[in-house]
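This report refers to the structure that appears directly beneath it.
Here is the naming used below: chain letters follow the sequence lines, and residue numbers restart at 1 for every chain.
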Amino acid sequence: MIDLRALRNDPDRLRASQRARGEDEAVVDELLGLDERRRSALSTFESLRAEQKSFGKSVSKAQGEERQKLLDRAKELAQQVKEADAEAQRLDQELQALLLTVPNLVEEGAPEGGEEDYVVLEEVGTPPAFDFEPKDHLELGERLGAIDMERGAKVSGARFFFLTGVGAQLQMALLNLAMEQAIEAGFTPMIPPVLVKPESMEGTGFLGAHASEVYRLPEDDLYLVGTSEVPLAAYHRDEIIGALPRRYVGWSSCFRREAGSYGKDTRGIIRVHQFDKVEMFSYCDPEDAHEEHLRLLNWEKQMLAKVELPYRVIDVAAGDLGTSAARKYDCEAWVPTQSRYRELTSTSNCTEFQARRLSVRFRDDEGRTRPVATLNGTLATTRWIVAILENHQQADGSVRVPEALRKYLGREVLEPVAR
RNA sequence: GGUGGAGUCGCCUAGUGGCCGAGGGCGCACGCCUCGAAAGCGUGUGAUGGGGCAACUCAUCCGUGGGUUCAAAUCCCACCUCCACCGCCA
């Protein structure tokens, strides 16, 4: 949620942000008009209510006929107060509802435009040159006895899979490596709930434009999270926290409906309904948010270096930021059989947007409460297996294990197994 | 799933229609005292929103949402959470 008071002072800032995202600018004037009417209704209610309160005092002191007279007038007042209250509440709800539809203000410097308008910030490493025909991750995974899509489909349907044998071990190795790196950097490890209440989902901004991506359990009015960002952001809901920054690293399964992606990435484990992820989450002073964002990006790059993958970093364009992010950097690893880069990590600076919805505050130097900034970034996911298998494959179908993963896997090469 | 009990300021607690416009204690902050500290004494102590350059001021908030009443922490209804016990189950 954006800051209404800041909007009053500088409506052009939101106009520019909406333009950069390719979204409606008219919402600015709707907000301002509604806010004006709400404040006027509120002040009407407040003065009536003050009158009613002092009137109530006189009633309690009066006697006999005098009391009866006052009672008649008080009854009238009560009616008026009730109406004024209802009107003020109605306008406030209308304003809140509209406010919830407005995406975060875009950070200055983010590229304008849509999905294709990203800016490449850097390319790290060199895509491997094979002197044989590289196999894709699924073929490799099946030969290694690491990935079983067929049985995934049999048991759960399309876009579900089993990680088996070294596949399961490889994922654990990867996620353990990520957890270890984060813990060393001072993050508090967390294993969060993956079913959350509507307000947690709403608070993180996932029930707006992307609501169809989210699994819902109507019987229990709970949602399955698409990322541990959701429970980690809601963790401090309705709290005033001290000692910023607070950094958490969450390990969880993630669930995505992938509605509207029919036909895209249908082969293998690139786009699936359920996967595991290690996610960094940071609460910090809004003044430090930009710096913190760059730190998260750096930790992501450290992880990518450890698994020895070639990748590039992109600055995601405003129109592709999603509801909550003010700025977003993705790291995309090279996928040899697709001859292109695919997203492995994504780090967002959500500024105070989520914290305002979730009411997570801190005390500034003057002792006033202010919303914190929240940021998140990926340290490892199941999808990384795709890039690791493909980039480190050898002519015989074996896969070289990156140095950093060896101590977890206990071997240097993953060998094909007989079916 | 069933039955019973409970939810008041950071924590503990008082409060059974108007004296609550929420009292007390703990904690915390500041001051006095002291060479310094402890103890003691004094003062202060929340959130949200509106108005104001400001000191300040007004309104709302006693788990949540409704209702009764001129007036609700207090009465009524529903829900939520926690605790205890019973049943069922991985």
Side-chain angles (χ1 to χ4, degrees), chain A residues 1-10 31-100 102 155-156 191-203 217-223 231 234-244 246 253 283 286 352-372:
Chain A
M1 184 154 58
I2 58 161
D3 182 359
L4 195 56
R5 272 182 282 196
L7 175 69
R8 274 180 221 146
N9 294 333
D10 186 7
L31 283 170
L32 291 173
L34 204 48
D35 177 46
E36 189 62 48
R37 285 163 60 205
R38 169 192 142 261
R39 278 186 292 157
S40 138
L42 187 61
S43 114
T44 303
F45 161 72
E46 284 183 355
S47 51
L48 278 170
R49 176 68 179 146
E51 194 181 345
Q52 183 190 33
K53 278 167 76 172
S54 59
F55 220 86
K57 293 283 172 199
S58 352
V59 172
S60 66
K61 284 176 200 137
Q63 295 286 325
E65 207 171 303
E66 176 69 15
R67 185 184 167 90
Q68 193 51 51
K69 261 186 177 166
L70 288 174
L71 269 178
D72 290 342
R73 170 76 186 118
K75 241 173 177 150
E76 260 175 60
L77 249 179
Q79 187 56 32
Q80 287 173 18
V81 167
K82 206 171 175 179
E83 282 165 16
D85 186 27
E87 177 68 1
Q89 275 190 48
R90 190 184 65 78
L91 285 166
D92 189 54
Q93 280 168 13
E94 205 178 314
L95 179 65
Q96 291 304 320
L98 185 60
L99 219 41
L100 281 178
V102 180
V155 172
S156 300
I191 295 181
V194 294
L195 283 167
V196 299
K197 297 193 210 177
E199 54 263 42
S200 303
M201 218 25 132
E202 180 79 62
L217 283 74
E219 286 287 292
D220 302 284
D221 203 15
L222 290 170
Y223 293 89
Y235 185 69
H236 285 302
R237 184 162 72 91
D238 291 325
E239 293 182 23
I240 298 170
I241 56 178
L244 296 173
R246 291 213 181 193
S253 292
Y283 294 85
E352 300 103 302
F353 187 84
Q354 292 177 328
R356 209 169 273 119
R357 290 176 170 218
L358 291 164
S359 186
V360 184
R361 294 153 294 165
F362 74 109
R363 279 185 204 287
D364 66 14
D365 298 337
E366 275 114 53
R368 293 170 196 251
T369 59
R370 288 179 53 197
V372 301

List the atom of [X], the atom of [Y], and the distance in Å for their closest heavy-atom pair.
X: A:Ala41; Y: A:Leu91; value: CB-CD1, 3.7 Å
X: A:Phe353; Y: A:Val102; value: CE1-O, 3.4 Å
X: A:Gly203; Y: A:Arg357; value: O-CD, 3.3 Å

On the nucleotide [N], are OP1 or OP2 found under 4.0 Å from the side-chain N or O atoms that [X] carries?
X: A:Arg38; N: B:G49; value: no
X: A:Arg8; N: B:G50; value: yes
X: A:Arg368; N: B:A47; value: no
X: A:Arg363; N: B:A47; value: yes
X: A:Arg39; N: B:G49; value: no

Which residues pass the salt bridge (Lys or Arg N to Asp or Glu O under 4.0 Å) test with [X], sequence neighbours left out?
X: A:Asp85; value: none
X: A:Arg49; value: none
X: A:Asp221; value: A:Arg216
X: A:Glu83; value: none

For atom [atom1] of [X] and atom [atom2] of [N], their distance in whole Å:
X: A:Asp238; N: B:G10; atom1: CG; atom2: C1'; value: 15 Å
X: A:Leu34; N: B:G49; atom1: CG; atom2: P; value: 17 Å
X: A:Arg357; N: B:U48; atom1: CZ; atom2: C1'; value: 19 Å
X: A:Arg370; N: B:G49; atom1: CZ; atom2: P; value: 13 Å
X: A:Leu4; N: B:G49; atom1: CG; atom2: P; value: 10 Å
X: A:Asp221; N: B:C79; atom1: CG; atom2: P; value: 16 Å
X: A:Asp92; N: B:G50; atom1: CG; atom2: C1'; value: 12 Å
X: A:Leu99; N: B:G49; atom1: CG; atom2: C1'; value: 14 Å

Euclidean distance for [atom1], [N] against [M] (whole angstrom):
N: B:G51; M: B:G42; atom1: C1'; answer: 35 Å
N: B:C9; M: B:G63; atom1: C1'; answer: 14 Å
N: B:C30; M: B:A22; atom1: C1'; answer: 25 Å
N: B:U8; M: B:G4; atom1: C1'; answer: 22 Å
N: B:A84; M: B:G21; atom1: C1'; answer: 39 Å
N: B:G17; M: B:U13; atom1: C1'; answer: 22 Å
N: B:G24; M: B:C80; atom1: P; answer: 37 Å
N: B:G1; M: B:U74; atom1: P; answer: 29 Å

Complementary nucleotide for [N] - Watson-Crick or wobble, under 3.5 Å:
N: B:A78; result: B:U64
N: B:A71; result: none
N: B:U45; result: B:G27
N: B:A14; result: none
N: B:G40; result: B:C32
N: B:G1; result: B:C86
N: B:C20; result: none

Going 5' to 3' through nucleotides 59-67 of chain B and flagging B where a protein heavy-atom sits under 4.0 Å of the base, S where only the sugar-phosphate is that close, and - otherwise, we get SS-------
Mind listing the side-chain donor-acceptor pairs of residues 92-99 of chain A below 3.5 Å, one per line with the distance, residues two or more places apart or on another chain?
{"unit_1": "A:Asp92", "atom_1": "OD1", "unit_2": "A:Arg38", "atom_2": "NE", "d": "3.1"}
{"unit_1": "A:Glu94", "atom_1": "OE1", "unit_2": "A:Arg90", "atom_2": "NH1", "d": "3.1"}

- Is the number of heavy atoms from other residues, nucleotides or ligands under 6.0 Å of A:Tyr235 OH greater than 12?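 Result for OH/A:Tyr235: open.
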